[in-house]
K.L.:
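First, the structure itself, so that you have it in front of you.
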There are 2 protein chains.
Amino acid sequence: MPATDPRPDTPANPGAPAPDTAAPYTATPDTTDPGAPATPTRPHTGRRRNEAAHQAILDAALRLLATSDGTPVTIDAIARTAGVGKQTVYRWWPSKGAVLLDALTDRADQDVPGADTGTLRSDLRAFVATTFDGAQRGPTAPALRTLVREAARDPHLADLMQSFTATRRTALRELLARGRERGELAEDTDLDLVVDQVYGVFWYRFLLGHAPLDGTVADRLTRSLLDGNGR
Amino acid sequence: MPATDPRPDTPANPGAPAPDTAAPYTATPDTTDPGAPATPTRPHTGRRRNEAAHQAILDAALRLLATSDGTPVTIDAIARTAGVGKQTVYRWWPSKGAVLLDALTDRADQDVPGADTGTLRSDLRAFVATTFDGAQRGPTAPALRTLVREAARDPHLADLMQSFTATRRTALRELLARGRERGELAEDTDLDLVVDQVYGVFWYRFLLGHAPLDGTVADRLTRSLLDGNGR
DNA sequence: GGTTGTCGAGACTGTTAGTCTTGTCAAGGG
DNA sequence: CCCTTGACAAGACTAACAGTCTCGACAACC
């Protein structure tokens, strides 16, 4: 995504054919440039960026990320799988982590569930359930787990991930603030703590995998947050 | 608890070169184990283990762990700091992670707060506050953070850490079960979920450091868990 | 004195992130 | 038509680091 892409001109052409294997993608496919670039700051000299290679790298990264059994994904493997030189990867991304995160966000549905269903309880329940579900569907789960593992050692990636997750944290916080304004939460509720209870449980179970993260748990967590467990 | 180092001159314990001290993972220096492990098959020949080196390694590891600014602690650095050969480290610990965890647990007060103060609320409050406090006092915090970062890439260490934390998880669960039997928790309470809410928040905030983990938060979390936030 | 096993020191292997080099190829500009 | 510019694949290279292996010395016991 643009956040990690140092290039000023984004082709904005997401419908790339997405080569499935290590096919060398025929370096003469495009482009005649559909539509003039938005800001032609400079007439641009030299060979143009190979968009097919760009996508091939992201695809390869995501595929490796998804099938990695816990072992770290290497840049060499990504480049080889994409049929691309290593330098081509480093020309467009500053670090391995940036490639990985970009690969994940390139495909992950970016819909942050913040719908207003009328009551805090159902809003919260939906948010939690969607979060739990979304992280475990498709190739997302192993990819995300690998990504976090990499982030533990790569401060650059850790930063990127934090701003990535901040979006969702904010959405949840606003959902809660809405409920508090409606009087569905005690006025002295520490919203940040509630947010951290949700995401704390989520990441804790997601990463350790010692307990489920399903609809039942989403229900119980919602109830616990709103009603407590005492009596 | 550590050391005990009976001077080698008086082998009250004839064989078994020192796995009786702090060494849960038992590097098994010799013996090829298929025989009876408890009985010393041989009266021990050869030079004895240098207990000073053992402690020097643990001390060096803890010091590096505590002063590490996020960068991983290397075995070379530990050995050099301890004035010890690298092989001496690997003779007694199976991996870097094992050394690090041992260094931490060697010093960390192992008191798991499970005292029965009479009411679930105060038990829980004390447990949470002690957990929050204990992790942030002294050299523990940076060491623990580094350890988790290492564990993210080292499955062996991840295992060790999981059994290390299991003790505390169990203590908390029993504390909750006691309260439930007393009727202070709803009978259908999902104890594991409550445990994960506590430790989820703890680790989440501890590792990300985006929000405090102090007495006030401990109070609020306890209240949230027991009474909920809704109204 | 002989055997055994530890010691410090450090060379060595294998892996990986990231850089640099080389020869090539596409897109302009003159 | 050639020349400059910059992307490209391939792969050599550097720098870390975990973990292994070897060596000569040394200590404890027979």
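Order of the sequence lines sets the chain letters (A, B, ...), proteins ahead of strands, with each chain counted from 1. Atom set for the values below is all heavy atoms of this structure, side chains included, hydrogens, waters and symmetry mates excluded.
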K.L.:
Is there a donor and acceptor pair, one atom on the side chain of Lys86(A) and one on the base of dG18(C), closer than 3.5 Å?
P.N.:
yes
K.L.:
In whole angstrom, what separates His156(A)'s NE2 from dA17(C)'s C1'?
P.N.:
13 Å
K.L.:
Considering only dC7(C), dA18(D), dC8(D), which nucleotide approaches the side chain of Lys96(B) most closely?
P.N.:
dA18(D)
K.L.:
Report all side-chain donor-acceptor pairs from residues 71-83 of chain B shorter than 3.5 Å, counting only partners two or more places apart or in another chain.
P.N.:
| residue | atom | partner | partner atom | Å |
| --- | --- | --- | --- | --- |
| Thr71(B) | OG1 | Asp69(B) | OD1 | 2.8 |
| Thr74(B) | OG1 | Ala77(B) | N | 3.0 |
| Thr81(B) | OG1 | Ala77(B) | O | 2.6 |

K.L.:
Is the shortest side-chain heavy-atom distance between Arg49(B) and Arg91(B) below 4.5 Å?
P.N.:
no
K.L.:
Is the NZ or CZ atom of Arg145(B) positioned over Phe206(B)'s six-membered ring, under 6.0 angstrom from the centre and within 45° of the axis?
P.N.:
yes
K.L.:
Tell me whether the rings of Tyr204(B) and His210(B) are parallel (<30°), tilted (30 to 60°) or perpendicular (>60°).
P.N.:
perpendicular
K.L.:
Counting only non-hydrogen atoms, which of residues 73-82 of chain B are less than 4.0 Å from DNA chain D?
P.N.:
Val73(B), Thr74(B), Ile75(B)
K.L.:
Picking from Leu172(B), Asp196(B), Leu176(B), what satisfies side-chain contact (heavy atoms from CB on, under 4.5 Å) with Leu191(B)?
P.N.:
Leu176(B)
K.L.:
Please tell me if Trp92(A) has a side-chain N or O lying less than 4.0 Å from either OP1 or OP2 of dG6(D).
P.N.:
no
K.L.:
Within the modelled atom types, does a donor on one side and an acceptor on the other bring the side chain of Gln87(A) and the base of dC20(C) under 3.5 Å apart?
P.N.:
yes
K.L.:
Would you mind telling me which of dG18(C), dA18(D), dC7(C) lies closest to the side-chain atoms of Ser95(A)?
P.N.:
dG18(C)
